[in-house]
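See below for the structure under consideration.
Within every chain, numbering begins at 1; the chains are lettered A, B, ... in the order of the sequence lines, protein sequences first and strands thereafter. Heavy-atom basis, side chains included; hydrogens, waters and symmetry copies ignored.
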2 protein chains.
Amino acid sequence: MEAVDTRQEILIQASRLFKRLGYRATTTREIAKAVNIKQPSLFHHFASKKAIVEEIFSLSLKEAAIRIEEACRQEGPASERLHQYLVWDLSTLHRMPMAMSAIYTGDALKSPELAELADKLKSFYRALEDLLEQGIRSGEFVDIDPQLGRLMVASITIAHLEYSEDAVIDDPDRLARDGADFVLRAFRRPVTGTPL
Amino acid sequence: MEAVDTRQEILIQASRLFKRLGYRATTTREIAKAVNIKQPSLFHHFASKKAIVEEIFSLSLKEAAIRIEEACRQEGPASERLHQYLVWDLSTLHRMPMAMSAIYTGDALKSPELAELADKLKSFYRALEDLLEQGIRSGEFVDIDPQLGRLMVASITIAHLEYSEDAVIDDPDRLARDGADFVLRAFRRPVTGTPL
DNA sequence: GTCTATACAGCGATAGAC
DNA sequence: GTCTATCGCTGTATAGAC
């Protein structure tokens, strides 16, 4: 098969390798081989290996950062806003051709040279913690450290991504709804009279 | 401060670097620097970089593999057996001096040279999926693909580990119980008459 | 836009003195 | 048990032909 768009193909193959091996451990030779070109040809499309991971990151987080901050500012129950956001986030990510979990799961964001990306993710996480705190204060959610809660949401999201990247998904919207339901069940304070 | 046991200190510092940078990306020079010795001195304590990660892995999984298989074979509700296992697992991991999340989170297990370790983890995961399936069949748990469920449990466990590795924990047992409760809420089928 | 050839920095691991 | 010195290899990136 012929790659109609070498640049796009580089992003797809690189993301899969970053997911499997980590960012620093993935070599430009391996990326080039997966794209079916020679290693120096990569540098015609991207200035550096770093530029590749920066573009993947931007694709996955740019719109998500706007949406999570909207969810923070809106009215209504925090649980519904969180659920709505998660459904959008998961169904969007399920449809992307790159292995998006590579960004959040791997070593890329911890590398000193990519500190700028890590800062952007941190402000995304701050908004998520804010939303969780709203739900805790209103009594909708169990009493949990928002920082731990944020780690939970992020890790469950990534687990869902990994699942959809490896399996064949016939209904990404249904999978997204199931994932959002799973998170909400875990966070919602049980309504029964008996505690625990 | 003097390292009373250089070998132990190598394991601790290496695990933290593996967590931050990934296995393949962490250099023996970085490990040595963190331990306050020179790089070639590492090879007096371990035959290779690979031998270091193998020992960390073994410490974290050897007993866990036995316990999860016991949990599979025991009698009683699957939800209680899963809860009991998770409390033991989390409280044990919270007390370990190494950054155990490094093993499950990073690139180490995907490296071809460490395929043997990956196989051991896979059989651990199979037991976990088995336990989840028992709970699904008995109606205790929501109807979820056991493979996805296993990914969820693993990722929530890792999120807990990451939290405890970065924060100061005064009550590891309480944190472990809260973590196990979180997982069980997510999996347990809601008992109320109204669905969702 | 892709190739061959190559520069040069950094890697894991070894040798041998102390 | 730790050191200095160094080997052989592999990494990113560049130069220049086609």
Do any N or O atoms of the protein come closer than 3.5 Å to N or O atoms of nucleotides 3-5 of chain C, and which pairs are they?
unit_1 : atom_1 : unit_2   : atom_2 : d
dC3(C) : OP2    : Lys38(A) : N      : 2.5
dC3(C) : OP2    : Ser41(A) : OG     : 3.0

* **Under-4.0 Å side-chain N/O to phosphate OP1/OP2 contact, Thr28(A) with dT10(D)** =>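 Answer is no, no contact under 4.0 Å.
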* His44(B) side chain near dT2(D) phosphate (N/O to OP1/OP2, under 4.0 Å) ->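 Checking His44(B) against dT2(D): no side-chain N or O falls below 4.0 Å of OP1 or OP2.
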Could you check how far [atom1] of [X] sits from [atom2] of [N], rounded to whole Å?
| X | N | atom1 | atom2 | answer |
| --- | --- | --- | --- | --- |
| Leu42(A) | dG1(C) | CG | P | 14 Å |
| Phe46(A) | dA13(D) | CZ | P | 13 Å |
| Glu113(A) | dG11(D) | CD | P | 16 Å |
| Gln8(B) | dG1(D) | CD | P | 16 Å |
| Lys33(A) | dG11(D) | NZ | P | 12 Å |
| Glu30(B) | dA13(C) | CD | P | 15 Å |
| Lys49(B) | dG10(C) | NZ | C1' | 12 Å |

* Asked: Does NZ or CZ of Arg188(A) lie under 6.0 Å from the centre of the six-membered ring of Phe141(A), at an angle within 45° of the ring axis?
  ->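 No, Arg188(A) does not lie over the aromatic ring of Phe141(A).
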* Kindly indicate whether the side chain of Arg29(A) and the base of dG11(D) share any N or O donor-acceptor pair separated by less than 3.5 Å? =>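 It does, because a donor-acceptor pair links the side chain of Arg29(A) to the base of dG11(D) below 3.5 Å.
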Set of salt bridge (Lys or Arg N to Asp or Glu O under 4.0 Å) partners for [X], sequence neighbours left out:
| X | value |
| --- | --- |
| Asp119(B) | none |
| Asp166(A) | Lys19(A) |
| Asp173(A) | Arg95(A) |

* To do: Choose from dT2(D), dA13(C), dT2(C) the nucleotide whose nearest atom is closest to any side-chain atom of Phe43(B).
  =>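 So the side chain of Phe43(B) is nearest to dA13(C).
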* When you get a sec, tell me which of dA13(D), dA13(C), dT2(D) is the closest nucleotide to the side chain of Thr6(B)? =>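 Looking only at side-chain atoms, Thr6(B) lies closest to dT2(D).
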* Is it true that atom CD of Gln84(B) has more than 12 heavy atoms of other residues, nucleotides or ligands lying nearer than 6.0 Å? ->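 No, because the 6.0 Å sphere around CD of Gln84(B) holds 12 heavy atoms or fewer from other groups.
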* Give a yes or no on whether the backbone of Ala176(A) and the side-chain of Ser91(A) come within a donor-acceptor separation of less than 3.5 Å. =>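 No, the answer is negative, given that no donor and acceptor are paired below the 3.5 Å cut-off.
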* To do: Please work out whether the ring planes of Tyr85(A) and Phe124(A) are parallel, tilted or perpendicular, with thresholds of 30° and 60°.
  =>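 The arrangement is tilted - the two ring planes meet at 30° to 60°.
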* Arg174(A): what forms a side-chain hydrogen bond (donor to acceptor under 3.5 Å, both in side chains) with it, not counting sequence neighbours? ->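 Testing Arg174(A) for side-chain hydrogen bond (donor to acceptor under 3.5 Å, both in side chains), a comparison that skips the adjacent residues, returns none.
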* With Thr28(B) as reference, evaluate Gln39(B), Lys49(B), Lys33(B) under the side-chain hydrogen bond (donor to acceptor under 3.5 Å, both in side chains) test and give the passing residue. =>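 Going through Gln39(B), Lys49(B), Lys33(B) one by one, the side-chain hydrogen bond (donor to acceptor under 3.5 Å, both in side chains) with Thr28(B) is satisfied by Gln39(B) alone.
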* Asked: In residues 12-26 of chain B, which residues come under 4.0 Å of DNA chain C by heavy atom?
  ->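 The stretch gives Thr26(B) as the residues lying under 4.0 Å from the strand, ordered by number.
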